[in-house]
Enquirer: 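One structure coming up, written as structure tokens, with questions to follow.
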Amino acid sequence: MWLVPHFVALDVAGAAVQLFQRRRLASIYQAQSNPVFDAAMRQGRLRFGQSDIFARSERALPLVRAVRQGSGFFNLPDMDFGGRDAAFVPFFGVPASTLLAPARMARSLGMLVQPVIAEMLPGGAGYRVRFCEPWADFPGDDDVAAARRMNAWIEERVREHPAQYLWVHRRFKTRPAGEASLY
């Protein structure tokens, strides 16, 4: 599993995985309401012929099947999809609804997790993609602890380049019961 936080250059990370890794890439994407934009986005992400992408609205079975057939999962784990199959763990000191699926998938499918960070270089000088050391001891047997570790690691990367994190994803949209909206 390539663990890729939502930085502005995340599509560059997707291209790098397809061009510089031996495995096919399998990922989930949010289908766009505009069919022309959706087709352009799909075409761009599939242009190297080394990937399969599945709409978030679809079931997870095709993704799991692709992983079982040898594809690596290009996982964007830091979005708020509500409270289902998630836990509230700290992100910059604020409880953030964080999916437990990365830990569960890594464990059930025997996946090694390798974080990948893509950043834009200053002055339009291009991009840098870092394939970090794989997490040999992830996820462990505690999904909430794994989510906490993942958020802490992402937070450290965001502190390195805060302007490049996609804050527009409203990371704190879902709130614990009784807590007021932050937006």
Side-chain angles (χ1 to χ4, degrees), residues 1-14 17 25-31 53-64 66-67 71-119 129-183:
M1 176 186 302
W2 293 292
L3 191 101
V4 187
H6 276 87
F7 283 87
V8 295
L10 70 90
D11 277 302
V12 174
V17 166
L25 173 150
S27 192
I28 297 171
Y29 84 106
Q30 179 63 47
I53 57 175
F54 306 96
R56 184 164 308 287
S57 59
E58 297 176 24
R59 296 180 55 224
L61 187 59
L63 172 67
V64 171
V67 169
S71 291
F73 178 29
F74 189 85
N75 185 11
L76 307 167
D78 55 336
M79 289 186 68
D80 181 339
F81 291 112
R84 185 172 178 214
D85 296 324
F88 286 100
V89 295
F91 188 62
F92 287 95
V94 177
S97 180
T98 303
L99 291 173
L100 300 174
R104 291 176 179 163
M105 285 186 71
R107 183 181 313 103
S108 69
L109 296 171
M111 301 167 85
L112 185 64
V113 174
Q114 181 181 29
V116 178
I117 296 292
E119 63 184 274
V129 178
R130 291 184 285 156
F131 289 85
C132 302
E133 287 296 316
W135 291 348
D137 57 348
F138 185 88
D141 58 2
D142 182 342
D143 294 342
V144 175
R148 192 174 289 117
R149 176 181 175 188
M150 183 181 66
N151 273 5
W153 186 87
I154 294 170
E155 185 177 324
E156 288 173 14
R157 304 296 73 77
V158 171
R159 287 181 189 281
E160 293 169 2
H161 301 286
Q164 294 193 34
Y165 190 64
L166 285 175
W167 294 101
V168 325
H169 281 295
R170 296 176 23 144
R171 188 66 185 91
F172 308 106
K173 177 176 55 183
T174 303
R175 305 307 320 134
E179 193 172 300
S181 172
L182 298 177
Y183 297 101

Enquirer: Just to verify, what does D142 make a side chain to side chain contact (heavy atoms under 4.5 Å, CB included) with, not counting sequence neighbours?
Expert: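 Expected list: V144, A145.
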Enquirer: Rounded to the nearest 0.5 Å, what's the gap from OG on S27 to CZ on F73? Could you check?
Expert: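 Going from OG on S27 over to CZ on F73, the span is 6.0 Å.
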Enquirer: What residues form a salt bridge (Lys or Arg N to Asp or Glu O under 4.0 Å) with R170, not counting sequence neighbours?
Expert: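 For R170, no residue satisfies salt bridge (Lys or Arg N to Asp or Glu O under 4.0 Å) once neighbours in sequence are set aside.
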Enquirer: If you compare all heavy atoms of M150 against all heavy atoms of W135, which two are closest, and at what distance to 0.1 Å?
Expert: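 Of all heavy-atom pairs spanning M150 and W135, the closest is CA-CH2, 4.0 Å.
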Enquirer: I would like to know whether R171 and T98 meet side-chain contact (heavy atoms from CB on, under 4.5 Å); could you show each step before the answer?
Expert: CA-CA 9 Å; R171 188 66 185 91; T98 303; 3.0 Å; yes
Enquirer: For a side-chain contact (heavy atoms from CB on, under 4.5 Å) check, start with the C-alpha distance between M105 and N75, then their side-chain angles and the critical distance, and finish with the verdict.
Expert: CA-CA 10 Å; M105 285 186 71; N75 185 11; 6.0 Å; no
Enquirer: Distance alone, cut at 3.5 Å: any donor-acceptor contact between the side chains of R84 and S97?
Expert: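 S97 and R84 do not have a side-chain donor-acceptor pair below 3.5 Å.
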Enquirer: When you measure from the side chain of R107 to the backbone of G140, do you find a donor-acceptor pair of N or O atoms at a distance under 3.5 Å?
Expert: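 Answer holds: yes.
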Enquirer: Rounded at 0.5 Å granularity, tell me how far CD in E58 sits from OH in Y29.
Expert: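 Nearest 0.5 Å value for the CD-OH distance: 7.5 Å.
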Enquirer: Heavy atoms only: give me the nearest D137-R149 pair and the separation to one decimal.
Expert: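 Shortest heavy-atom contact: OD1-NH1, 2.8 Å.
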Enquirer: Give the minimum heavy-atom separation between I154 and P77, together with the two atoms involved.
Expert: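 I154 and P77 have their closest heavy atoms at CD1-CG, 4.2 Å.
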Enquirer: F172 vs F91 aromatic rings, parallel, tilted or perpendicular, using cut-offs 30° and 60°?
Expert: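 Answer is tilted, since the angle falls between 30° and 60°.
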Enquirer: What's the shortest heavy-atom distance between A87 and L100, and which atoms?
Expert: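 Closest pair (atom of A87, atom of L100, distance): CB-CD2, 3.9 Å.
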Enquirer: Are more than 12 heavy atoms from other residues, nucleotides or ligands located less than 6.0 Å from atom CD of E156?
Expert: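 Yes, the 6.0 Å shell around CD holds more than 12 heavy atoms from other groups.
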Enquirer: Taking only Lys NZ, Arg NE, NH1 and NH2, and the carboxylate oxygens of Asp or Glu, determine whether R157 and D78 approach each other closer than 4.0 Å.
Expert: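 No salt bridge links R157 with D78.
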Enquirer: When rounded to the nearest 0.5 angstrom, what distance separates CZ in F92 from CZ in R159?
Expert: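 One finds 5.0 Å between CZ of F92 and CZ of R159.
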Enquirer: Judged by atom type as modelled, is there a donor-acceptor pair below 3.5 Å linking the side chain of R175 to the main-chain atoms of P95?
Expert: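 Yes, the answer is positive, given that a donor and an acceptor are paired below the 3.5 Å cut-off.
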Enquirer: Between the side chain of S57 and the main-chain N/O of A55, is any donor-acceptor distance below 3.5 Å?
Expert: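 Side chain of S57 to backbone of A55: no pair is present.
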Enquirer: Considering all heavy atoms of both residues, which atom of L10 and which atom of F74 are nearest to each other, and what is their separation?
Expert: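 Closest heavy-atom pair between L10 and F74: O-CZ, 3.8 Å.
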Enquirer: Do you know the tightest heavy-atom contact between H169 and H6?
Expert: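 Looking at all heavy atoms of both residues, the shortest contact is NE2-CD2, 3.3 Å.
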Enquirer: Residues in side chain to side chain contact (heavy atoms under 4.5 Å, CB included) with A118, at least two apart?
Expert: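 A9, A13, V129.
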Enquirer: Apply salt bridge (Lys or Arg N to Asp or Glu O under 4.0 Å) to D141 and list each qualifying residue two or more places apart in sequence or on a separate chain.
Expert: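 D141: no salt bridge (Lys or Arg N to Asp or Glu O under 4.0 Å) contacts found.
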Enquirer: Got W153 and P5 here, is their nearest side-chain heavy-atom distance under 4.5 Å?
Expert: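 They are in side-chain contact.
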Enquirer: Please report the C-alpha distance between W167 and V158 in whole Å, then the side-chain angles of each, then the deciding distance to 0.1 Å, and finally whether the side-chain contact (heavy atoms from CB on, under 4.5 Å) criterion is met.
Expert: CA-CA 10 Å; W167 294 101; V158 171; 3.5 Å; yes
Enquirer: Using a 4.5 Å cut-off on heavy atoms from C-beta on, say whether the side chain of V4 contacts that of L76.
Expert: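 L76 reaches V4 side chain to side chain.
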Enquirer: According to salt bridge (Lys or Arg N to Asp or Glu O under 4.0 Å), who are the partners of D80, at least two apart in sequence or on a separate chain?
Expert: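 Partners of D80 by the salt bridge (Lys or Arg N to Asp or Glu O under 4.0 Å) criterion come out as none, since no residue qualifies.
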Enquirer: Listed by chain and number, what are the salt bridge (Lys or Arg N to Asp or Glu O under 4.0 Å) partners of E119, not counting sequence neighbours?
Expert: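 If we apply the salt bridge (Lys or Arg N to Asp or Glu O under 4.0 Å) test to E119, skipping adjacent residues, the hits are R128, R130.
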Enquirer: Does E160 reach the side chain of I117, with side-chain heavy atoms less than 4.5 Å apart?
Expert: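 E160 vs I117: side chains apart.
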